[in-house]
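What follows is a set of notes on a single structure, which appears directly below.
In listed order, ligands and their atoms are each counted from 1. Numbering of residues begins at 1 and proceeds along the displayed sequence. Source: prediction; values computed, not measured. Side-chain atoms are counted along with the backbone in the values below, which use heavy atoms only and exclude waters and symmetry mates.
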Amino acid sequence: MSGHGAEGSGWPASSPAMSSITAVGESYQKFNPRAYLQNNYMPPRADFTSEDCVVPWKLRCLAEAFATGEIHGHTLIDIGSGPTIYQLLSACDHFEEIIATDYLEVNREVLRQWVQDKMDVFDWSPYIKHVCKIEGRGEQWKEKEQKLREKLRQILPIDVHQPNPVGSPLRQLADAMVSTFCLEAVSPDRLSFEQALQNITSLLKPGGHFLLIGALEESFYLAGEAKLSVVPVSEADVKEALTKSGYKIHDFRSYIMPPGLKIGVDDVSGVFFVHAQKQPVV
Ligand SMILES: Nc1ncnc2c1ncn2[C@@H]1O[C@@H](CSCCNC[C@@H]2Cc3ccc([N+](=O)[O-])cc3CN2)[C@@H](O)[C@H]1O
């Protein structure tokens, strides 16, 4: 399931909104996971010698959110996982099952290869070692790696522009949800960003916690031959969208991209991190 079929999307088949969502889907056909990983998850953006670097900042936000002990349960779902697993490293101690999702089969296959410990996969060990260090529990990195591989039990197709993003309602709503750099990168405009957030919120149980990381004021990014459009969002835009989708915001942090990390692979101004909670409908 990866089409942007008009069926069920809530948009009229021939509407401008539907045609621009379809165009986004077509633009992703050239997405190159290896190039994307090289651009964003290798030095200089992945420099573990400095807490001021963007990747350690993201890992610390996630580790501190889970260290509160507030975020736990049976199932966590990751929306638009892409070819990355770093966003799940601090989560894996707090859930029985983790579901990863992505729109592209190439990304789902990259994740499967990692879970199966195949050869020639991206080396996440610097990330796992760093997370074990900042969590400060003396966990061996190979243990955390194995634990995540055991818990990452489903890798599903997803389309956040569909009311049922994973095709059919989950057997049980997720206890928590994570999403990193997805919604703004797959939405042609603010309205579809807000609608996509509304759609994925249907996968989260009332009272469930949501950790959202994304790009601030980004308009494009590169992934090999693909140049993908991004809807520029501000802190206020993100807060407004979350409030409209019925979330209470517990924590909102922003990272300003330093000049040395503006390396031409995108025009991102900064990164936001949000810890929000879906409010029960009264
Ligand atoms: N309709 C859809 N539904 C769900 N997922 C979909 C859909 N279409 C595409 N996808 C899926 O969503 C995509 C997720 S990757 C999106 C990349 N976002 C931009 C990029 C990320 C990034 C990373 C790190 C840093 N940094 O400073 O550290 C900065 C930046 C800023 N640039 C991709 O996996 C695609 O396959």
Original post:
Looking at Y41, which atoms of ligand 1 are within less than 4.0 Å of one of its heavy atoms?
Top reply: 23 (C), 24 (C)
Subject >> Contact atoms of ligand 1, heavy-atom distance to C182 under 4.0 Å >> reply: 5 (N), 12 (O)
Subject >> For atom 1 (N) of ligand 1, the option (of I158, L183, D159, L222) bearing the nearest heavy atom >> reply: D159
Original post:
So, do K151 and H94 sit near enough that their side-chain heavy atoms are less than 4.5 Å apart?
Top reply: no
Original post:
Strictly by modelled atom types, are K118 and Q116 linked by a side-chain donor-acceptor pair under 3.5 Å?
Top reply: yes
Subject >> Region of F181 engaging ligand 1 - heavy atom pairs below 4.0 Å >> reply: both
**OP:** Answer with yes or no whether the side chains of Y247 and T201 bring together a donor and an acceptor at under 3.5 Å.
**Re:** yes
Original post:
Relative to the heavy atoms of E218, which atoms of ligand 1 are at a distance of less than 4.0 Å?
Top reply: 19 (C), 20 (C), 31 (C), 32 (N)
Original post:
If every non-hydrogen atom of A35 is compared with every non-hydrogen atom of A223, which pair is closest and at what distance?
Top reply: CB-C, 3.8 Å
Original post:
With a 3.5 Å cut-off and no angle check, do the side chains of Y103 and Y28 form a donor-acceptor pair?
Top reply: no
Original post:
Is ligand 1 less than 4.0 angstrom away from at least one heavy atom of Y255?
Top reply: no
**OP:** To the nearest 0.5 angstrom, please state how far the CZ atom of F210 sits from the CG atom of L76.
**Re:** 10.5 Å
Subject >> Atoms of ligand 1, numbered as shown, that sit under 4.0 Å from any heavy atom of N107 >> reply: 33 (C), 34 (O), 36 (O)
Subject >> Under 3.5 Å donor-acceptor, R153 side chain and E96 backbone >> reply: yes
Original post:
Do any heavy atoms of K58 fall under 4.0 Å from ligand 1?
Top reply: yes
Original post:
Strictly by modelled atom types, are D78 and S81 linked by a side-chain donor-acceptor pair under 3.5 Å?
Top reply: yes
**OP:** Pull out every atom of ligand 1 sitting under 4.0 Å from any heavy atom of Y36, numbered as shown with elements.
**Re:** 15 (S), 17 (C), 21 (C), 23 (C)
Original post:
Where does V160 meet ligand 1, judged by heavy-atom distances below 4.0 Å: at the side chain, the backbone, both, or neither?
Top reply: both
Original post:
Heavy atoms only: which of Y103, Y221, Y28, Y86 is nearest to atom 2 (C) of ligand 1?
Top reply: Y103
Subject >> Main-chain N/O of L204 paired with K278 side-chain donor or acceptor, under 3.5 Å >> reply: yes
Original post:
Side chains of E194 and Q198: donor-acceptor distance under 3.5 Å anywhere?
Top reply: no
Subject >> Structural part of V54 in contact with ligand 1, heavy atom criterion under 4.0 angstrom >> reply: side chain
Subject >> Nitrogen or oxygen atoms of D102 and ligand 1 under 3.5 Å apart >> reply: yes
Original post:
For atom 30 (C) of ligand 1, which candidate among V268, D267, N40 holds the nearest heavy atom?
Top reply: N40
Original post:
Under 3.5 Å, is there a donor-acceptor pair linking the side chains of S125 and E145?
Top reply: no
Original post:
Considering only heavy atoms of A185, which atoms of ligand 1 have at least one such atom less than 4.0 Å away?
Top reply: 16 (C), 18 (N)
**OP:** Could you list the atoms of ligand 1 found under 4.0 angstrom from a heavy atom of G82?
**Re:** 34 (O)
Original post:
With a 4.0 Å heavy-atom cut-off (strictly under), which part of V186 contacts ligand 1: side chain, backbone, both or neither?
Top reply: side chain
**OP:** Within a distance under 4.0 Å of any heavy atom of L104, pick out the atoms of ligand 1 and give their elements.
**Re:** 36 (O)
